[in-house]
Peer 1: 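Could you have a look at this structure, given as structure tokens, before my questions?
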2 protein chains.
Amino acid sequence: MPKRASNDTPPAPGRVTVRSIAERAGVSIGAVSSVLNNHHEKRRIAADTVRRVRAAVAELGYLPNISARRLRGGNDAQNTIVLAIITSFQAPLPVINCFILALREAAAEEANNPRRASFSLVIEMFNAGKLHELPGLLTGAHFNAAIITNTTADDDRFLQDHVLPYPVVLVNRTVQDYPSVIEDPEAGAKAATILMQTDRRKLGVLYGQPLTQTTQRRVESFLRAARAAGLPPAGEIVAGGLNEEAAREAMAQFLARGTPLDGLYTVTDGLALGAYQAIKRAGKTIPGDIAVVGIGDYEISPFFDPPLSSVGVSHSELAHAAARMLLRRIGQPKRGSVRLTVPVVEHLRESTTSIG
Amino acid sequence: MPKRASNDTPPAPGRVTVRSIAERAGVSIGAVSSVLNNHHEKRRIAADTVRRVRAAVAELGYLPNISARRLRGGNDAQNTIVLAIITSFQAPLPVINCFILALREAAAEEANNPRRASFSLVIEMFNAGKLHELPGLLTGAHFNAAIITNTTADDDRFLQDHVLPYPVVLVNRTVQDYPSVIEDPEAGAKAATILMQTDRRKLGVLYGQPLTQTTQRRVESFLRAARAAGLPPAGEIVAGGLNEEAAREAMAQFLARGTPLDGLYTVTDGLALGAYQAIKRAGKTIPGDIAVVGIGDYEISPFFDPPLSSVGVSHSELAHAAARMLLRRIGQPKRGSVRLTVPVVEHLRESTTSIG
DNA sequence: GGCCTACATTGAAACGTTTTAGCAACTACC
DNA sequence: GGTAGTTGCTAAAACGTTTCAATGTAGGCC
């Protein structure tokens, strides 16, 4: 038997704890804790002991267990509600900082309440379609409440088949029995209206693969509205991705084909930006030849050239609505599944000026 | 004595716990736990008891203590390292999702290591200048390691005066004894060089208030380089804020004054976008009349019209460097304070094409 | 030698959970 | 009427900390 595995290292399984340090340094765990928290002077720990403990800490590579600390800690630390934002690695990230801000702000307001509680915000990410692999999702061991967004159809199915033991709000997804906040599904129809009001009749819609629930709704309601108005079927321009470059390519190819087009709707502002470049390089003008309507998900769309008209909902408004809804549901008896629709606002800018 | 404060509610202080539910429902805490975790069938809890427990939970508004759950939980939950991203409420948010992604990705790689540990990512926010009020900052009760960014001078002073009991990496800030990742301070000088190479001699720099350590360095090294090249003093154009609109206004006023200008450097891409609009509305062309160089912090700057040249560092590269540095320092004996400079890359695009 | 004080340390309790072993009461069977 | 099995629950241990009261040791003073 190797002498290393002698009596003082019984299981030596996983993590280095206060106990391992205490054994290594030959002191009690109380003393170790005092040193770790720099209370050694107040608690009158001998200088030499402090040195030995510090040495053991360094050798063993100690990392405190945060859960244990918080559990033990004062009322402040203990009375903590953990909120989670759950999103996929593959999602367009810019969205989630809206949620961070919204939740943090909502939590800050809430913190003034009589029953004082502090909030902790964690970000969990999963691989698209693998939501079910997220640790703590089913047990509720990791958070008290969550905002879930950017799920795929597989993930939605998983959610439908399971009931999560804590309040959840979905964003831009609807799944039976889950409360959710979604943008007005008629955004696409409003875009069609705007284009038709400036006498555009040869419409097109530009979207990227893969379609999410939201972008699909945007496309469908646009096509439906155009059809209902008796226009010829709108062209569908499909980009290979969701980024500007893919949009530029798809748009360039479409224009090269010579299909007539005088009104374009793009289901994200990023796509609009790519389309702008393709349109200008093809020698056409906006809005002279082609009017363009985006979605308003880039805050800077008023600074496009020309400024981009948009129908849509701001990320931050969605996020604030979701945050408020989530906080309201915490600790409440389970109210039914709410579905909140955030209305679409129109911003008419130069990209849809009338031809005349 | 009011009968309400009888023997079965000793302190009734703060949070509702398993114990309060047990008392209310007249069962043991073990039974309550079984019901809470839906193990009541396996554990053979009577249907009526389940009902009573559920009722008590609903009435009292129970919220589980996550720390306690994780502490108790299996090795998976227990062997968790908590990483924090600490930023101010007032900061430009888009930056931090780079950090989120970087840390999550770095953590995912790390998770394949022999000594398996899982990572949890929390976002902490403070009011600019009030970093010291952040709970857990000094005690280390909330996280095992942190990336700190967007601090003010006050915050930096606070950091300097205290030693945090866990690994920390600062981003685009330097404070004595703290490891940090910063962008190459010569970014401004490179911008000046680019402008001079296209024969621009009447230079200007556009920046917004308030200046951070980083933006200040960008301005200073630009001014220094222009002076060193023997050019007339570069104009300083100061916007009232960091957003596009403020930049547009400041730029419009500057142009209206008629001060000659043929090369502009903006310390963020957002400012460049605002400047673009002002320049075009003043009837001048880019790059014909004025060449523009930005910083490359908007991913979409290649889609500006004309595409924006930039010197600078991508947020995501900074973030990845910081994340790697932080993870390397976890559990290591304290190595000295490292300072990593992320080099600047030049992207020459149409906004700085030569006049000829 | 007895008593007081100062110093250095230990042991135990507590934080809120979950899980496991086990107890008590009842039913069923021979 | 004993034994075995089932049902429904409780008590206790454990997770890793921190804190607090208590304990022991040494030195100084009478």
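Since the structure is predicted, the reported quantities are computational estimates derived from the model, not experimental observations. Letters A, B, ... are given to chains in the order of the sequence lines, protein chains preceding strands, and every chain is numbered from 1.
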Peer 1: According to side-chain contact (heavy atoms from CB on, under 4.5 Å), who are the partners of B/Arg44, at least two apart in sequence or on a separate chain?
Peer 2: none
Peer 1: Whole-Å distance between D/dT6 C1' and B/Lys42 NZ?
Peer 2: 19 Å
Peer 1: What salt bridge (charged side-chain N to carboxylate O under 4.0 Å, His left out) pairs are there with at least one residue in residues 117-143 of chain B, not counting sequence neighbours?
Peer 2: A/Arg104-B/Glu124
Peer 1: Take atom CD of B/Glu41 and atom P of D/dC9, then tell me their distance rounded to the nearest Å.
Peer 2: 14 Å
Peer 1: Expressed as a whole number of angstroms, how long is the span from B/His40:NE2 to C/dT18:C1'?
Peer 2: 16 Å
Peer 1: According to side-chain contact (heavy atoms from CB on, under 4.5 Å), who are the partners of A/Ala145, at least two apart in sequence or on a separate chain?
Peer 2: A/Leu83, A/Pro167, A/Leu326, A/Ile330
Peer 1: B/Ser20: what forms a side-chain contact (heavy atoms from CB on, under 4.5 Å) with it, not counting sequence neighbours?
Peer 2: B/Val16, B/Thr17, B/Leu60
Peer 1: Can you give one letter per nucleotide of nucleotides 16-23 of chain D, 5' to 3': B if a protein heavy atom sits under 4.0 Å from the base, S if only from the sugar-phosphate, - if neither?
Peer 2: BBBB----
Peer 1: Partners of B/Phe143 by ring pair (Phe, Tyr, Trp, His ring centres under 6.0 Å), sequence neighbours excluded?
Peer 2: B/Tyr166
Peer 1: Expressed in angstrom and rounded to an integer, what is the separation of A/Leu138 atom CG from C/dT18 atom C1'?
Peer 2: 17 Å
Peer 1: Among residues at least two apart in sequence or on other chains, which ones pass ring pair (Phe, Tyr, Trp, His ring centres under 6.0 Å) with B/His39?
Peer 2: none
Peer 1: I'd like to check the side-chain contact (heavy atoms from CB on, under 4.5 Å) partners of B/Asp161; sequence neighbours left out, ordered by chain and number.
Peer 2: none
Peer 1: Specify the separation, in whole Å, of atom CD1 of B/Ile21 and atom P of C/dT18.
Peer 2: 10 Å
Peer 1: Is the shortest side-chain N/O distance from B/Thr49 to OP1 or OP2 of D/dC9 below 4.0 Å?
Peer 2: yes
Peer 1: Verify, without hydrogens or angle tests, whether A/Arg19 (side chain) and A/Ile29 (backbone) share a donor-acceptor contact under 3.5 angstrom.
Peer 2: no
Peer 1: Note down the inter-axis angle between the two ends of the helix from C/dG1-D/dC30 to C/dC30-D/dG1, five pairs each, to the nearest 10°.
Peer 2: 80°
